Protein chains: 2
Amino acid sequence: MARRDRVGITDVAAKAGVSVTTVSHVLSSRRPVSEATRAKVLAVIEELDYRPNELARSMRARRTHTVGVIVPDITNPFYTAAFRGLQEAVAPAGYHCIVTSTDAERSVERDVVRQMLTRVDGIVMSGADKRLEDVQPVVDAGVPLVLLGADLTGGFDVVTNADEESGAVAAEYLVGRGYRRIAFLSTESEPAARRLAGYREVVSPPEELIVPVAESLEGGARGMATLAGLAEPPDAVICGNDVMAIGAMYEAADRGLRVPDDIAVMGFDDIDAAALVSPRLTTMATASREHGQVAGEMLLRRMNDDGAGEPRRVVFPAKLIARDSA
Amino acid sequence: MARRDRVGITDVAAKAGVSVTTVSHVLSSRRPVSEATRAKVLAVIEELDYRPNELARSMRARRTHTVGVIVPDITNPFYTAAFRGLQEAVAPAGYHCIVTSTDAERSVERDVVRQMLTRVDGIVMSGADKRLEDVQPVVDAGVPLVLLGADLTGGFDVVTNADEESGAVAAEYLVGRGYRRIAFLSTESEPAARRLAGYREVVSPPEELIVPVAESLEGGARGMATLAGLAEPPDAVICGNDVMAIGAMYEAADRGLRVPDDIAVMGFDDIDAAALVSPRLTTMATASREHGQVAGEMLLRRMNDDGAGEPRRVVFPAKLIARDSA
DNA sequence: GGCGTCACGCAAATCGTCTTGCGAGCCGGT
DNA sequence: ACCGGCTCGCAAGACGATTTGCGTGACGCC
């Protein structure tokens, strides 16, 4: 590929008429350098557009100024926003991010982690269905780790969402608005299960009002159909996430049901589309960006202020976004 | 941080009772090794969970198996999907991705590029408003580059979208459906300008039908308001992107205008919400994921099959997603 | 016994930078 | 003339692996 011969520290030294030692010391301030030579060296560095080879530096210093980020699906807005926040937190400290989307494949994830271990200073793993065995290799390697969106306990920090509380808040909100028969469209995913649990604590519903569906637009629609067919249909429904909620609203519209007059609909996540559908969807937001930000800050601490210390756990509180659908 | 003492190649050699040379050779197959010792070495590697230090390897080999990705905003679904495609293309070849979201800040971008140059084998830069001067440093450094979403010419590959054609196709579609007065809500952005140009070639509209607005939900709404107030209002409107189109539909609904009966609405991008609003939005899709995939493949070629050769240019054709709003 | 092949070890060089002990000039002060 | 500070050069060692020329036993074959 004939990568153009990079200018090295020796080139700078030669051109500036000093030794590499001195150039290095100008850069690191590890030894005093006279103002005159410092200026000279900096001028040459500027002129030659010299950038120290980060690889060599990393090798010597045993730190790469890089953090590894593992997400199940970067296409999912939650992870995207979290990554954004994470980067905002670590970039000012000079850290880059290696990102890998694993499709939630455990084998892929394992390989990626192994590869990463020798090239990053810390790792952020995300995904609601993480197990201890998935993250153990990182802990064993002594690499700082922050878990995002899952809630495990081990030698690492955790930042997650108050899903259960969130489910409860949603239910309470509906109760407060006067709804009496509140249904829940649930799925098998971890967060949905916790949201369901929170809802249960508030309303103790008859089992027929809890309908398991697929985590999709169609799933939501089918759930709404099932509920509408009940002998005694609900007057409100909480859906495992916003996409399902939107699907449910469609089905309601198809059946001539008015939202929220005939049936109220709530979702979770506050995706972009939630504010764009009509009626605008009332939902429980997740502070995804803040998740990432906090994860980044925690990781920085572990990587710099020398990471020992108790594992920490940050849980983001539920946040209601009241709009028109409930 | 007391990173646990990593096992090195010497540890493996010692435990296997062979020399580092041999261990290295079973890994690289650069010299023949007897089946017996190869097995022994591999067993020890497994047992010790040895992973060669990628940094040292990269340094020696002068290649990092890492590509740098620069996007204006990773939160934007277009770039997210493109990144997904990119990763799908390069991961099988053993490449990682360093991703940085620059907020389209030129200064940030410049710094990031400089940092990246010493640690990646290739770079993908994206953003519609790239200028030659932004990418020149990469070319100068002799690092393979692929530009995504912008259309410049230089010593690098380009993959972009047929925005102009896309605008023309949208206009033709409306004409074909019998619409006669077709308006356009435009913004200052590059892609929007090209889409507008395509539309102009098809309909040669009176100037009053081209209304410049802000690139947002509100912008779309205001644009619709303006058009509705015209002495002779349009019967269709093409919006610079889907978000504006959705805003326009809202305003139409507020004014009692039925879409598409009273006025048809089209957008660009095919964002998630486009399929979720009602009526479902007819729009021109961008094959974002494919953009990334192709970019990845092009970059791989440059990095491996030894990159010389004519710069290549891939333009994705327009793709109409016909739904209910037009 | 001579010779060729195999399989492997040894040791040195490389990648580009940082770190450090040991001096060596130089200058000013006494 | 001596001494203490400064400023800087020299040279060697690390970081952890890859690569290679040169040997050297072992073994088999003629």
Side-chain angles (χ1 to χ4, degrees), chain A residues 1 3-42 44-45 48-66 94 115 117-121 141, chain B residues 1 3-42 44-45 48-66 114-115 117-121 141:
Chain A
M1 129 181 49
R3 168 166 305 190
R4 202 155 320 215
D5 281 328
R6 274 196 24 89
V7 334
I9 197 174
T10 45
D11 302 312
V12 175
K15 181 130 190 173
V18 298
S19 71
V20 283
T21 309
T22 301
V23 176
S24 178
H25 287 149
V26 166
L27 260 11
S28 69
S29 302
R30 205 118 188 14
R31 266 186 189 172
V33 176
S34 77
E35 210 34 65
T37 43
R38 146 167 284 116
K40 174 67 178 166
V41 168
L42 289 177
V44 173
I45 285 181
L48 265 43
D49 191 39
Y50 166 72
R51 287 285 122 183
N53 182 313
E54 290 298 333
L55 276 177
R57 274 194 155 171
S58 297
M59 189 162 166
R60 179 74 226 272
R62 291 164 149 291
R63 81 190 339 228
T64 60
H65 285 280
T66 303
Q115 294 244 356
L117 287 178
T118 67
R119 25 173 65 213
V120 302
D121 294 342
Chain B
M1 130 181 51
R3 168 166 305 191
R4 200 157 320 216
D5 280 329
R6 273 194 29 86
V7 330
I9 196 174
T10 45
D11 301 311
V12 174
K15 182 131 190 172
V18 299
S19 70
V20 284
T21 309
T22 300
V23 176
S24 178
H25 287 149
V26 349
L27 258 13
S28 68
S29 302
R30 205 117 188 12
R31 265 188 191 172
V33 176
S34 77
E35 211 32 68
T37 45
R38 147 167 284 116
K40 173 67 179 166
V41 169
L42 289 177
V44 172
I45 285 181
L48 264 44
D49 192 37
Y50 165 71
R51 288 286 123 183
N53 181 314
E54 289 298 333
L55 278 176
R57 275 194 154 169
S58 298
M59 189 161 166
R60 180 72 225 266
R62 292 165 147 289
R63 76 191 341 229
T64 60
H65 285 280
T66 303
R114 292 173 73 115
Q115 295 244 357
L117 286 179
T118 67
R119 24 174 64 212
V120 302
D121 293 341

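Remember, it's a predicted structure, so these values are computed and weren't measured experimentally. When reading the values below, keep in mind they use all heavy atoms of this one structure, side chains included, and skip hydrogens, waters and symmetry mates. Each chain gets a letter, A, B and so on, in the order the sequences are listed, and its residues count up from 1.
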Q: For B/His25, check ring-ring contact (aromatic ring centres under 6.0 Å, His included) against everything at least two apart and list the hits.
A: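 ring-ring contact (aromatic ring centres under 6.0 Å, His included) list for B/His25, sorted by chain: empty.
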
Spacing between [X] atom [atom1] and [N] atom [atom2], to the nearest angstrom:
X        : N      : atom1 : atom2 : result
A/Arg31  : C/dT19 : CZ    : C1'   : 8 Å
B/His25  : D/dT20 : NE2   : P     : 8 Å
B/Glu35  : C/dC8  : CD    : C1'   : 15 Å
B/Arg38  : C/dC8  : CZ    : C1'   : 13 Å
A/Arg63  : C/dC18 : CZ    : C1'   : 15 Å
A/Asp121 : D/dC15 : CG    : P     : 17 Å

(Q) Donor-acceptor check, side chain of A/Thr66 to backbone of A/Thr64, threshold 3.5 angstrom: yes or no? (A) yes

Q: State whether the side chain of B/Arg51 and the backbone N or O of B/Arg6 hold a donor-acceptor pair below 3.5 Å, judged by distance alone.
A: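 Not at all, since once roles are kept as given, no pair shorter than 3.5 Å links the two residues.
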
**Q.** Touch class at under 4.0 angstrom, heavy-atom based, for B/Val20 against every strand present
**A.** nothing

N/O (side chain, [X]) to phosphate O (OP1/OP2, [N]) under 4.0 Å:
X       : N      : value
A/Ser28 : C/dT19 : yes
A/Ser34 : D/dC8  : yes
B/Thr37 : C/dC8  : yes

Q) Yes or no on side-chain contact (heavy atoms from CB on, under 4.5 Å) for B/Thr37 and B/Val26, after CA distance, side-chain angles and deciding distance? A) CA-CA 9 Å; B/Thr37 45; B/Val26 349; over 6 Å; no

(Q) Please report the interatomic distance CE(A/Met59) to CG(A/Asn53), rounded to the nearest 0.5 Å. (A)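 Between A/Met59 CE and A/Asn53 CG, I get 11.0 Å after rounding to 0.5 Å.
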
Q) 5'-most contact on DNA chain D: B/Leu27 or A/Val23, nearest heavy atom basis? A) A/Val23

Find every protein N or O atom lying less than 3.5 Å from an N or O atom of nucleotides 13-17 of chain C, and list the pairs.
from, atom 1, to, atom 2, distance (Å)
C/dT14, O2, B/Arg60, NE, 3.1
C/dG16, OP1, B/Arg62, NH2, 2.5
C/dT17, OP1, A/Tyr50, OH, 3.1
C/dT17, OP1, A/Asn53, N, 3.3
C/dT17, OP2, A/Ile9, N, 2.8

Q: Examine the side chains of A/Thr21 and A/Ser24 and answer whether a donor and an acceptor come within less than 3.5 Å of each other.
A: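 Side-chain D/A pair, A/Thr21 to A/Ser24: absent.
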
**Q.** Residues forming a side chain to side chain contact (heavy atoms under 4.5 Å, CB included) with B/Glu54, sequence neighbours excluded
**A.**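 Once residues adjacent in sequence are excluded, the partners of B/Glu54 under the side chain to side chain contact (heavy atoms under 4.5 Å, CB included) criterion are A/Thr118, A/Arg119, B/Arg57.
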
